A.B. asks: 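Structure provided below as C-alpha cells; questions to follow.
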Number of protein chains: 2
Amino acid sequence: MNSMTAAPSPFSPTDRPQLGLRERKKIKTREAIRTATYALVREQGYDATTIEQIAERAEVSPSTVFRYFPTKEDIVLTDEYDPLIMEELRARPMDEPWMDTLRFVMQKAIRLGIKDDPEVSRLRTHLMVQVPAVRSRMMESMSVTGTMLCQAIGERTGRDPDSLEVRVYAMAIIGGLMETSLYWAENDHRDDFKDLVDRTMDVLEHGLSPEKP
Amino acid sequence: MNSMTAAPSPFSPTDRPQLGLRERKKIKTREAIRTATYALVREQGYDATTIEQIAERAEVSPSTVFRYFPTKEDIVLTDEYDPLIMEELRARPMDEPWMDTLRFVMQKAIRLGIKDDPEVSRLRTHLMVQVPAVRSRMMESMSVTGTMLCQAIGERTGRDPDSLEVRVYAMAIIGGLMETSLYWAENDHRDDFKDLVDRTMDVLEHGLSPEKP
DNA sequence: CCATGAAATGAGAGTAGCTGTCAAAAGGTG
DNA sequence: CACCTTTTGACAGCTACTCTCATTTCATGG
C-alpha cells in the first residue's frame, strides 16, 4: 500500500551472491534501521523515540538514517506492495469482472503481507491510529497508490487514466481500504482482516445495501 | 471540508457589539495571521515563508502564531465548513434519496466557499498539489470530516455510524471529493468546480459507467 | 596485489517548526 | 481605581531534517 525502494527481502540479506558486498551492506543497514526503530517504538512509543536513538541502536550515524529514509515516519511505513499489486492486477485475465480482480488481488496482498510479518502489520496500523504524523504520511502514500491504480484501471477498461472519473473511482477504492485498516486497528485487530476487506469490497461494489441496521 | 474553530466571519471583525473587546481582538489577530500568511506565501512560496516572517507581518510574536494555529499548515487550511455541511445535511427532507441530498449540499457548500473568497480557494488547492505537508494535513482532516459524515449517514439510514460499512462508504465519498479538488487544481482551475463535483457524484453513485473512453 | 576512482559514511554546523515556562501587559469587573 | 483573569511576548530548549566536507570502504583495471 506504499511506494518506495528495496523489497522486503524474500531472501535473507547474506545469501545473495549476485549482489556485490556494497549492495548487500546497504540492505543490511536498511534492515538494521528498521529493526531498531520497531524495537524502540515498541519499548517507548513513537514520539519518544528519536533518530539519535535509532541510529545508536542500529550502529550507524544519524546522517545515515536520513540517507536511507527521508522521514521518521517512512522508517515505520515504507513497504513495497504497490508494484507487487500492480503486477498481480496485470496478471489477471482481462475478461474477469474488475471488482473480482480487485478482490482477488487484495486478498492475495493481505495474505502475503500478513504472512510476511503479522507483528509488523499490527504495529503499523496501530501507529496509524495513534500517531497523527504516521497516519498523515500513510495518507500521503494514498496518492501514489492512487496513480498506480488509475494506470491499472486505464489498461483494463481502455479509459484515460488521468480522467476525473477514473481518478475519483480509484481514490474512492483506496479511501475505503484505508478506512478498513484503521477500523481493524481501532478494534484491536480482533476481526479477521480478510473478512473486513471482503465487506469493504461489497460496499464499494454495491454501496450501502438497503437497511441492515 | 475541514473542522476547527472560529467562523470565517460573515461580519467584519469590528462590528460585533455583542462580543467583548477581548473576543474581537482575538478574531482580528486570527485574521491578521491568515492574511499575512496568504500574502507571504503568494510572494515567496510556502516553504520559504517562516513563522517568524508571518509573526512580523501580522505584528504579533511567534508564540502567538502558535497559540492560534497548531501547525503552519493549519494557517493555510483551516476552515469551518464541516459543521455547516452537517447542518445542511440535517435540514434536507428525510425521504430525499441520499445521493441527491449529498449532491445538493455539496453544491451549496461550494457556492458558499467560492463566493466567500475565490482567490483563497484556488491558492489553497494549489498548495495542496504543490506542498506535500499541506496535502498531508488536508488528508488528515479527511478523517474528521469522515466521522461527521458517518454520523449523518447514521441518522439518515438508521445504521450504526461506527460500522465498517458506513465508515467505508463515507471515506470513499470523501476520498473521491478530495481527488476532485486535486484534479481541479492540477488542471489550473480551468474547469468549473461545480461540474467536476457533479461528475464525481455520478461516479460515486454508479461506478464507472460502461466504456466511455 | 596494489593503485586509482567512486561510493558510502560520519562528524558537525545550521535551520525551522514546535513546546513549555514565566513575567509583563491588557481586558473585564466590583 | 483596584483586583483578578486572560492574553501576550521573550526566551530557552528539543528534535526532525539539510548541507557540507573530510574520511573510510568497496570496486576495478593494470
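In what follows, every heavy atom counts, from backbone to side chain, and hydrogens, waters and symmetry copies are set aside. We name chains A, B, ... by the order of the sequence lines, and we start the count at 1 in each one. Not measured: the values here are computed from a predicted model.
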A.B. asks: Using whole Å, what does the distance between atom C1' of nucleotide dA11(C) and atom CD of Glu52(A) come to?
C.D. replies: 12 Å
A.B. asks: What are the bounds, 5' to 3', of the part of DNA chain D that sits under 4.0 Å from heavy atoms of chain B?
C.D. replies: dT5(D) to dC11(D)
A.B. asks: Write down the distance between CD1 (Ile51(A)) and P (dA11(C)), rounded to a whole number of angstrom.
C.D. replies: 16 Å
A.B. asks: OP1, OP2 of dA8(C) versus side-chain N and O of Tyr68(A): anything below 4.0 Å?
C.D. replies: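 So the side chain of Tyr68(A) is outside the cut-off, no N or O lying under 4.0 Å from OP1 or OP2 of dA8(C).
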A.B. asks: Indicate whether the side chain of Thr200(A) and that of Thr180(A) have a donor and an acceptor atom separated by less than 3.5 Å.
C.D. replies: yes
A.B. asks: Here's a test of your reading of the structure: between Lys72(A) and Glu59(B), which maps to the more 5' nucleotide of DNA chain D?
C.D. replies: Glu59(B)
A.B. asks: For Tyr46(B) and for Thr29(A), find the nucleotide of DNA chain C with the closest heavy atom, then tell me which residue's nucleotide is more 5'.
C.D. replies: Thr29(A)
A.B. asks: Looking at Glu59(A), I want to see if its CD is surrounded by more than 12 non-hydrogen atoms of other residues, nucleotides or ligands under 6.0 Å.
C.D. replies: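 For Glu59(A), atom CD is not crowded (no more than 12 foreign heavy atoms under 6.0 Å).
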A.B. asks: Side chains of Glu73(A) and Tyr46(A): do they bring a donor and an acceptor to under 3.5 Å?
C.D. replies: yes
A.B. asks: Looking at Phe69(A), is Arg30(A) sitting on its ring face, NZ or CZ under 6.0 Å from the six-membered ring centre and within 45 degrees of the normal?
C.D. replies: yes
A.B. asks: Any donor-acceptor pair under 3.5 Å linking the side chain of Arg34(B) with the backbone of Thr78(B)?
C.D. replies: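 Yes, the answer is positive, given that a donor and an acceptor are paired below the 3.5 Å cut-off.
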A.B. asks: Just checking Glu87(B): does its CD atom have more than 12 heavy atoms from other residues, nucleotides or ligands closer to it than 6.0 angstrom?
C.D. replies: no
A.B. asks: In this structure, how many angstroms lie between the P atom of dT15(C) and the CD atom of Gln53(B), rounded?
C.D. replies: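 Computing the Gln53(B):CD to dT15(C):P distance gives 14 Å.
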A.B. asks: How long is the line joining CZ of Phe66(B) and C1' of dT21(C), in whole Å?
C.D. replies: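 After rounding, the gap between these two atoms is 16 Å.
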A.B. asks: Between the base of dA11(C) and the side chain of Ser63(A), is there any donor-acceptor pair under 3.5 Å?
C.D. replies: yes
A.B. asks: Write down the distance between NZ (Lys28(A)) and P (dT9(C)), rounded to a whole number of angstrom.
C.D. replies: 13 Å
A.B. asks: Got more than 12 heavy atoms from elsewhere within 6.0 Å of CD, Glu52(A)?
C.D. replies: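 No.
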A.B. asks: Rounding to an integer number of Å, can you tell me how far Asp47(B) CG sits from dG17(C) P?
C.D. replies: 9 Å
A.B. asks: Please give, in whole Å, the distance from dA16(C) P to Gln44(B) CD?
C.D. replies: 11 Å
A.B. asks: Roughly how many Å is it from CD in Glu23(B) to P in dG27(C), rounded to a whole number?
C.D. replies: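 So the CD-P distance, Glu23(B) to dG27(C), works out to 13 Å.
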A.B. asks: For nucleotides 22-26 of chain C, print each protein N/O atom paired with a nucleotide N/O atom at under 3.5 Å, atom names and distance only.
C.D. replies:
unit_1: dA26(C); atom_1: N3; unit_2: Arg22(B); atom_2: NH2; d: 3.4

A.B. asks: Angle, rounded to 10°, between the helical axes spanning five pairs at each terminus of the helix from dC1(C)-dG30(D) to dG30(C)-dC1(D)?
C.D. replies: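 Rounded value for the end-axis angle: 10°.
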